[in-house]
Amino acid sequence: MNEEIRVRFAPSPTGYLHVGSLRTALYNYLYARKTGGVFILRIEDTDQTRYVDGAVENLLRTLAAVGLDYDEGPQKNGDSQPYFQSERTEIYREYVDLLLEKGAAYPCFCTTDILETMREQQKQNGEHPRYDGRCRNLTPTEVQTRLASGEQHVIRLKVPSEGEIFFYDLVREKVTFPWDMVDDQILIKSDGFPTYHLANVIDDHLMSITHVIRGEEWLSSVPKHLLLYQYFDWKPPKMAHLPLLLNPDKSKLSKRQGDVAVEDFLLKGFLPEALVNFVALLGWHSSSDREIYSLPELEKEFSLKRITKAGAVFDQEKLKWMNAQYIRQLTITELSERAFPYLQQAGYQISDKAVLADIIAFVQDRISTLAEIPEVTAPFFKTLEFGDDDHQMISAETSQKVYRFWKENLVSVSDLSENAINEFLATTTEATGVRGKQLYFPLRLALFGNTRGPELPVIMRILGKEKTLERICLLVEK
Ligand code: GLU
């Protein structure tokens with residue numbers, strides 16, 4: 001019997017979606033699509049103090065922008081709703097009562113001051129700081145009286161103090177933790193809200209999650225989670241912990257270091273499909289050396305078996321290279337659509353569609369992100385600046401001859417087609433005797449600000465006749 005695969009992406013809205021979380025979301029999505037399973041989005045928003053305004057909206061917007069469609073979650077109906085943990089607090093309360101009844105959890109009245117002193121003393125004794133479990137030993141009557149008097153408290157999980165626990169992770173294989181490394185985890189905070197650990201386990205169970213796929217930083221939480229499953233008498237899901245993301249110098253990719261927010265990458269002109277392709281390869285590889293994969297191709301190729309243990313380097317240069325590949329694959333119309341906002345934002349006026357198409361054809365193999373477009377196309381739109389060497393070329397007698405001829409005769413060119421312009425260049429040579437580099441370089445310099453660059457007809461079509469003439473006239477000396 002094949003059970004239906006159900007996976008979830010469970011972000012906490014404590015900041016904007018970053019590349020590490022995008023990878024977690026993507027691998028869950030891919031695994032669901034590959035197996036015909038269900039991909040759930042669950043918002044883990046029980047920590048009110050770390051809640052960042054707009055984070056949920058950013059998350060939904062970003063997932064949509066990169067094409068990661070979920071089957072159950074916010075704004076969708078599903079059997080396990082609600083998908084915001086803050087709307088499920090009643091449920092957690094019920095389950096905690098069960099743990100309390102079983103003696104698997106206990107109220108703890110220790111104040112911040114008490115905990116602080118405890119930690120200091122442990123440090124002085126050279127011990128690993130942890131909660132020493134003193135409230136486990138309160139008598140039932142004492143607990144009753146203190147609860148009845150409304151004393152502030154939390155609920156903690158009873159963790160074994162000796163021995164060890166091991167489990168099998170689909171990526172890390174056998175993992176062992178000694179219990180004395182694990183604290184009596186707080187399950188319910190003094191504000192009555194559950195902690196991540198409690199809510200996460202209960203929801204994974206209630207939402208029938210079969211595979212937990214998440215970042216390696218959660219590996220050390222597994223012992224507590226497995227203990228909860230055991231206390232509840234539930235079957236735990238299979239687990240796959242994804243390798244750390246590293247900077248090229250192998251240090252841990254921090255959320256603060258540089259811009260790692262996915263939306264920033266999109267704004268900087270990385271194509272969503274390139275970003276997804278790049279992120280897919282951060283810790284997973286296909287059976288071949290192939291690197292370029294569309295999302296539908298990834299959906300077919302993905303497998304948990306080929307997730308690597310070693311940390312994955314987040315190499316922005318490679319991302320740029322990949323983005324450039326995707327840009328080159330777009331049709332002129334597609335690239336025009338994506339590029340237009342960047343040209344518009346730069347304040348560049350483009351007279352018509354044909355000119356836009358010429359500009360796009362010009363930039364297509366010269367850029368690696370869309371955000372580079374304004375700079376690469378600046379010579380068409382901004383006043384050109386010339387250096388000393390340029391002035392020498394501009395003032396040369398042959399250049400001036402050519403400029404003068406163009407100033408007087410360019411009006412006669414019927415259109416700016418390649419043919420018409422080539423004919424006009426031949427006429428220029430006939431009339432002035434100037435040819436080859438001496439003809440092309442000063443003209444390109446006058447029109448594009450550089451002796452090297454696109455073909456003259458391309459430049460002229462983008463500039464239009466009027467601006468071409470204007471740029472030439474500017475350089476004709478008295
Ligand atoms: N809410 C956790 C996070 O922010 C989820 C971790 C998990 O997938 O269990 O990443």
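As the structure lists them, so they are numbered: ligands from 1, and atoms in each ligand from 1.
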### Task
Assert yes or no for the condition that the ring centre distance of Tyr95 to Phe232 is strictly below 6.0 Å.
yes

### Query
Quick one: do Arg328 and Asp365 make a salt bridge, cutoff under 4.0 Å?
no

### Query
Arg23: what forms a side chain to side chain donor-acceptor pair (under 3.5 Å) with it, not counting sequence neighbours?
none

### Task
May I ask you to list the atoms of ligand 1 that are less than 4.0 angstrom from any heavy atom of Ser12?
1 (N), 2 (C), 3 (C), 4 (O)

### Message
Any nitrogen or oxygen of Ala10 lying under 3.5 Å from a nitrogen or oxygen in ligand 1? Just yes or no.
### Response
yes

### Task
Could you label the plane-to-plane angle of the Tyr348 and Phe381 rings as parallel, tilted or perpendicular, counting under 30° as parallel and over 60° as perpendicular?
parallel

### Nearest non-hydrogen protein atom, atom 8 (O) of ligand 1
Arg8 NH1, 2.6 Å

### Task
Would you mind checking which non-hydrogen protein atom is closest to atom 1 (N) of ligand 1, with the distance to 0.1 Å?
Glu44 OE1, 2.6 Å

### Query
Does Ala64 offer a backbone N or O that forms a donor-acceptor pair with the side chain of Asp69 under 3.5 Å?
no

### Task
Quick one: look at Phe9 and ligand 1, take heavy-atom pairs under 4.0 Å, and tell me if it's side chain, backbone, both or neither.
neither

### Task
With heavy atoms under 4.0 Å as the rule, classify the contact between Asn200 and ligand 1 as side chain, backbone, both or neither.
side chain

### Task
Looking only at protein heavy atoms, identify the closest one to atom 10 (O) of ligand 1 and say how far it is in Å.
Trp218 CZ2, 3.4 Å

### Message
Using the side chain to side chain donor-acceptor pair (under 3.5 Å) criterion, which residues pair with Asn277? Sequence neighbours excluded.
### Response
Tyr326

